[in-house]
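The next block holds one structure in the form of structure tokens; read it before the comments.
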Amino acid sequence: MPGPRSAPFPGRSRSAILCGPDDPRHPAPAFRSVPTGPLHLGGARTAMYNWAAARALGGAFLLRIEDTDQARSTDASLQVILQGLRWLGIDWDEGPEKGGDFGPYFQMQRLPLYRQAAERLLASGHAYPCYCTPEEIEAGRKVLEAQKTGFVGYDGRCRELTAAQRAGFAAAGRRPNLRFRMPQARALQVHDLILGDVEVNTRDLDDWVMLRPDGVPLYNFACVVDDIGMAITHVVRGNEHFQNGIKQRLLFEALDAECPQYAHIPLILNKEGKKLSKRDADTNMLDYRDKGFPPEAVFNYIALLGWGFSGDRDLFSRDEMVAAFRIENVGKAGAKFDEEKLRWMCGEYLRRWTPAQCLERARPWLQAAVPAAAFTTHAGWLQNVVACYQERVALYSEFAGRIGWLFGEHVALDEAARKNLGKEPAAADWLRAYADELAAANLPPSYPQDRTAADAAVALPSKKDAPEPACAFDTPARIEARTRAFTERLGVKFGNFVHPLRAALTGTDKGPGLFDVVFLLGRQTCLARLRAAAGG
RNA sequence: GUCCCGGUCGUCUAGUCCGGCCAAGGACCCCAGAUUUUCAUUCUGGUAACACGGGUUCGAAUCCCGUCCGGGAUACCA
């Protein structure tokens, strides 16, 4: 996707900055990720809004890795973040493992660019060396605090150092940080795509550190140099960066560069209403993947935390979001994460897939309950099994715990099943008779025998008014008709018969329609379980 | 402390810019009922909110002011 985005630093020299109004940039929102931990909910949403903005604008979506916090950045974290984004379906046009014309996309590989910009700022007087030790800075802050003037921060004691004083510090072996010289008490009105017009005053901000003595830049500085270098047009980020945005605007100005459009989105809150942090449980994207959440649902749900497709519709696809997305429509208020609604949404998505699709997606978790060979020898049967549970579970991981009763000759009875068997004194007799009845029927064979013909012909779960499929074996509908006739002959109410029958067959009191159960279990298993329940 | 932002059902939100169509709509949750061989799905109905106080106006959830509450920032983290 080549665009008219022009390189502000052609050939990476620092000679020219070319992103003025006459040089329309290709929309290029960027998600900046810090590889110091997993991709969490908030980060994922921020990435998503950047992504959606880029796609909606027809621009490029960049992924930049801000790894200047060397003590905490790890390659493992980077991999986890990349996987998390991909799992959600958020793909980037430029960035790690992808490249692009505006790289490198790792800040630690861009050190010379920061150095160049720093020299330029030093020469123009927008930056100055600060020789203060952490202790001196802290002491200055304490004084300001005691004065109760309001402002608390760096007191600017190195702001107007003479050349001699600087030489003195240098001679004493002090290595300076580079600070940005903030305009003093300048009122400015800034426009934010989400917050609207906001008035701020630079007197509430201090001279901030841009570059460490070792040449590693700090966030605000690296960010601006890279936004210029990568011709970033839109910055969508968490609201906690709003003040940084002010500092950054001033730096763009000092560098004669055009500032991107900022959109500061509200934070995702935890149950206590506080900023969701990496320390809050269950915020790692890959945990959701591993727990069997459909990524489409997680994507949809996270998007909904602050943005809506329309007033009366909660469910939408990635494509629909891109078509309708406008960053200005993201809300201003923080949103609490609601696991219940996410879960509901998971169920909604899970029910949309065909049984074959669902089986495929659930397979990693199903393997705990289903013999490996069954996936090839009994694909049709497994599809029917999965289909019977699609309306009963919300996560891919939940099938495995429900379908154990389908395997093995016999089944263990849970408490509810025992109760249902014991309620009717004649249950054993009924079941024995019913076993004989089924023996005379034409049930499909039981797993692990080949029953392909049966499963190919009948699609479960059975629906009320569905046409009767052509099948060489008895279908659920025929089994039901036969069973109703049987109970009539026996003189037992159908409603009373059904409970012990289910208990004997499945070992529990929940599950698919009873005759789907009989069909799924097949002849041998049904007979074995009925006779076992009847006491042999 | 100071600066900035926010505040509609328990939760996510529509409506707020351009005041009347809002005795506030949708969704999740919850409750009741229908269907039914269980559970679930589905369907129907229900409970539930404009933070508070002043203005402006014929009329305010919507505009203005104040208060309260909540959050964020105030790093040689991002």
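Proteins get letters first, then strands, A, B, ... in listed order; numbering begins at 1 in each. Reckoned from all heavy atoms, side chains included, excluding hydrogens, waters and symmetry mates.
Across the protein-nucleic acid pair, A:L211 atom CG and B:C77 atom C1' stand 16 Å apart, rounded to whole Å. Put simply, CD on A:E199 is 14 Å from P on B:C3, counting in whole angstrom units. Remark: C1' of B:C28 and CG of A:L305 are 12 Å apart, rounded to the nearest angstrom.
Taking the side chain as every heavy atom from C-beta outward, A:L315 and A:Y301 never approach each other to under 4.5 Å.
Residue-level contact check: A:G513 touches the bases, meaning some heavy atom is under 4.0 Å from a base atom. A:L514 comes within contact range of at least one nucleobase, with a heavy-atom separation under 4.0 Å. Within 4.0 Å of A:Q243, counting heavy atoms only, lies at least one base atom of the nucleic acid. No engagement by A:C130 is indicated, since no non-hydrogen atom pair under 4.0 Å with the nucleic acid exists. Residue A:P266 is classed as having no contact, given no heavy-atom separation below 4.0 Å to the nucleic acid. If you check every strand for non-hydrogen atoms under 4.0 Å, A:E145 touches nothing. Across all strands shown, A:T508 has no heavy atoms under 4.0 Å from either base or sugar-phosphate atoms. Contact annotation for A:H241: base contact, defined as any heavy-atom pair under 4.0 Å involving a base atom.
The nucleotide B:A48 finds no pairing partner, because no Watson-Crick or G-U wobble arrangement with both distances shorter than 3.5 Å includes it. In this structure B:C28 sits in a base pair with B:G10, meeting the Watson-Crick or G-U test at under 3.5 Å. Nucleotide B:A60 forms no Watson-Crick or G-U wobble pair with any nucleotide shown, as no partner meets the under 3.5 Å limit on both distances.
Distances from the side chain of A:E340 to the nucleotides B:C77, B:C28, B:U13 place B:C28 closest. The side chain of A:D69 sits closest to B:A78 out of B:C76, B:A78, B:C29. Taking only side-chain atoms of A:F242, from C-beta outward, the nucleotide of B:A40, B:C4, B:U13 with the closest atom is B:C4. Checked against B:C29, B:U42, B:G26, the side chain of A:E348 finds its nearest nucleotide in B:U42. The side chain of A:V152 approaches B:G1 more closely than any other nucleotide in the set B:G1, B:G26, B:C76. Of the listed nucleotides (B:C4, B:U2, B:U38), B:U38 has the atom at the smallest distance from the side chain of A:H499. For A:A333, taking side-chain heavy atoms from C-beta onward, the closest of the listed nucleotides B:U41, B:C4, B:G7 is B:G7. With B:U38, B:C12, B:U42 as the candidates, the nucleotide lying closest to the side chain of A:R351 is B:U42. The listed nucleotides are B:C77, B:G26, B:C76; the one nearest the side chain of A:P134 is B:C76. Considering only the side chain of A:V200, B:C4 comes nearest among B:G71, B:A78, B:C4.
The base of B:C76 lies close enough to the side chain of A:N177 for a donor and an acceptor atom to sit less than 3.5 Å apart.
Each of A:K510 and A:E240 was matched to the nucleotide of RNA chain B holding its nearest heavy atom; the match closer to the 5' end belongs to A:K510.
Between A:W307 and A:F325, the ring planes are tilted. Angles from 30° to 60° get that label.
For the residue pair A:T202/A:Q184, the side-chain donor-acceptor check at 3.5 Å is not satisfied. One side chain, A:Y219 or A:R32, offers a donor N or O that lies under 3.5 Å from an acceptor on the other.
Ionic pairing of A:E66 and A:R64 is present here: one or more N-O contacts between side-chain nitrogen and carboxylate oxygen are shorter than 4.0 angstrom. Electrostatic pairing of A:R343 and A:E398 counts as a salt bridge here, judged by a charged N lying under 4.0 Å from a carboxylate O.
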